[in-house]
Amino acid sequence: DFKDHEFSYYIGGYDDGYRNPACLLTIGVTEDNRLYVVDEFYKAEMTTDEIVNYIFGLNQKYHYRRIYADPSAINFIETARNKGLRVLSADNDIYTGIARLKSFFHNDIIFIDRSCENTIKEIESYTYEGENKKGAFPEKPMKKNDHSTDAMRYATTNFNPWRKKKVLTGGRWR
């Protein structure tokens, strides 16, 4: 349970969908650059306007620094920007994103609140395509039940937990 932690700011990751669920993950960032998935919006069969209005309401609570969205979700991105939300197109390179998330999990940088049931379920069931002809297992994920994992990849597009803060000491930035 991480909802009561103190966070410096919040970021969001958005994966678009209509028949498949649209997903927005709300991620709190701590002073020591740890990520906590504290809320998930996960719903199918909503229009772009309905989704943007719902997220606008969430923004009143979380004051997202940025929401990183699937770059192919152009209608969502433009509608959200017109509503005043700070939405950027995310990096959609799946291999870079998976490697980044693996590193974050391995280094205890990212955590998920137990209330984010769909996110936990999708991570636990995340699978890769079967063996190729040479007997090796490729690192190509199955495109099934991956909406929250995609949203998590998008949210971490520009996040670097090892970046040091610049501090003014003695008249100099260090």
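The structure displayed is predicted, hence computed values, not measured ones. The analysis underlying the following values was restricted to heavy atoms, covering all of them including side chains, and did not include hydrogens, waters or symmetry mates.
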Point to revise | Val38 to Ser115 - nearest heavy-atom pair and separation | key: O-OG, 4.0 Å

Check your understanding: Quick check: are there more than 12 heavy atoms from other residues, nucleotides or ligands sitting under 6.0 Å from CZ of Arg34?
Key -> yes

Exercise for review: Measure from the side-chain N and O atoms of Glu50 to the backbone N and O of Thr47, and report whether any donor-acceptor pair falls under 3.5 Å.
Suggested key: yes

Exercise for review: Decide side-chain contact (heavy atoms from CB on, under 4.5 Å) for Asn158 and Tyr68; before the verdict, give the C-alpha distance in whole Å, the side-chain angles of both, and the deciding distance to 0.1 Å.
Suggested key: CA-CA 9 Å; Asn158 290 330; Tyr68 295 91; 3.5 Å; yes

Exercise for review: Would you please name every residue forming a side chain to side chain contact (heavy atoms under 4.5 Å, CB included) with Ile74, sequence neighbours left out?
Suggested key: Glu78

Review point. Roughly how far, to the nearest 0.5 Å, is CG of Asp150 from CD1 of Ile98?
Key: 8.5 Å

Revision key, fill the gap. Heavy-atom closest pair (Asn75 atom, Thr79 atom, distance to 0.1 Å) is O-OG1, 2.7 Å

Practice item. To the nearest 0.5 Å, tell me how far Thr26 OG1 sits from Ile11 CD1. Key: 10.0 Å

Exercise for review: To the nearest 0.5 Å, tell me how far Thr157 OG1 sits from Asp93 CG.
Suggested key: 10.0 Å

Review point. Checking side-chain contact (heavy atoms from CB on, under 4.5 Å) for the pair Tyr14/Ile77: CA distance, chi angles, key distance, verdict?
Key: CA-CA 10 Å; Tyr14 177 77; Ile77 293 169; over 6 Å; no

Exercise for review: To the nearest 0.5 Å, tell me how far Lys83 NZ sits from Phe56 CZ.
Suggested key: 5.5 Å

Exercise for review: Among Glu122, Glu117, Glu124, find the one that has a side chain to side chain contact (heavy atoms under 4.5 Å, CB included) with Ile120.
Suggested key: Glu124

Check your understanding: Within the distance-only criterion (no hydrogens, no angle test), does the side chain of Thr149 pair as donor or acceptor with the backbone N or O of Ile123 below 3.5 angstrom?
Key -> no

Review point. So, do Leu35 and Phe111 sit near enough that their side-chain heavy atoms are less than 4.5 Å apart?
Key: no

Exercise for review: Would you sort out whether Ile67 and Tyr154 count as a side-chain contact (heavy atoms from CB on, under 4.5 Å), showing the intermediate values?
Suggested key: CA-CA 9 Å; Ile67 296 172; Tyr154 300 146; over 6 Å; no

Check your understanding: Just by distance, do the side chain of Asn107 and the backbone of Ile109 share a donor-acceptor pair under 3.5 Å?
Key -> no

Exercise for review: Look at the aromatic rings of His5 and Phe7 and report parallel, tilted or perpendicular, splitting at 30° and 60°.
Suggested key: parallel

**Study point:** Trace of the side-chain contact (heavy atoms from CB on, under 4.5 Å) decision for Tyr36 with Thr30
**Key:** CA-CA 8 Å; Tyr36 292 83; Thr30 61; 3.4 Å; yes

Revision key, fill the gap. One should read off an interatomic distance between Glu40 CD and Met152 CE, to the nearest 0.5 angstrom, of 9.5 Å

Practice item. Would you check if Leu25 and Asp39 make a side-chain contact, meaning some heavy-atom pair closer than 4.5 Å? Key: no

Check your understanding: Got more than 12 heavy atoms from elsewhere within 6.0 Å of CD, Glu6?
Key -> no

Check your understanding: Which pair of non-hydrogen atoms, one from Ile94 and one from Arg153, has the smallest distance, and what is that distance?
Key -> CA-NH1, 3.5 Å

**Study point:** Any side-chain heavy-atom pair of Tyr62 and Ile27 under 4.5 Å
**Key:** no

Study note, to complete from the structure: Closest heavy-atom pair, Ser8 versus Glu31, reported as atoms and distance to 0.1 Å, is OG-OE1, 3.2 Å

Check your understanding: Which distance, rounded to the nearest 0.5 Å, do you find between the CG of Asp15 and the CG of Asp70?
Key -> 5.5 Å

**Study point:** Heavy-atom pair with the smallest gap, counting every atom of Thr119 and Ser148
**Key:** CA-OG, 3.2 Å

Check your understanding: Quick one: salt bridge (Lys or Arg N to Asp or Glu O under 4.0 Å) partners of Arg114, sequence neighbours excluded?
Key -> Asp1

Check your understanding: Side chains of Tyr18 and Asn20: is there a donor and an acceptor less than 3.5 Å apart?
Key -> no

Check your understanding: Are the ring centres of Tyr64 and Tyr10 closer than 6.0 Å?
Key -> no

Check your understanding: What are the two closest non-hydrogen atoms of Arg81 and Leu88, and how far apart are they?
Key -> NH2-CA, 3.9 Å

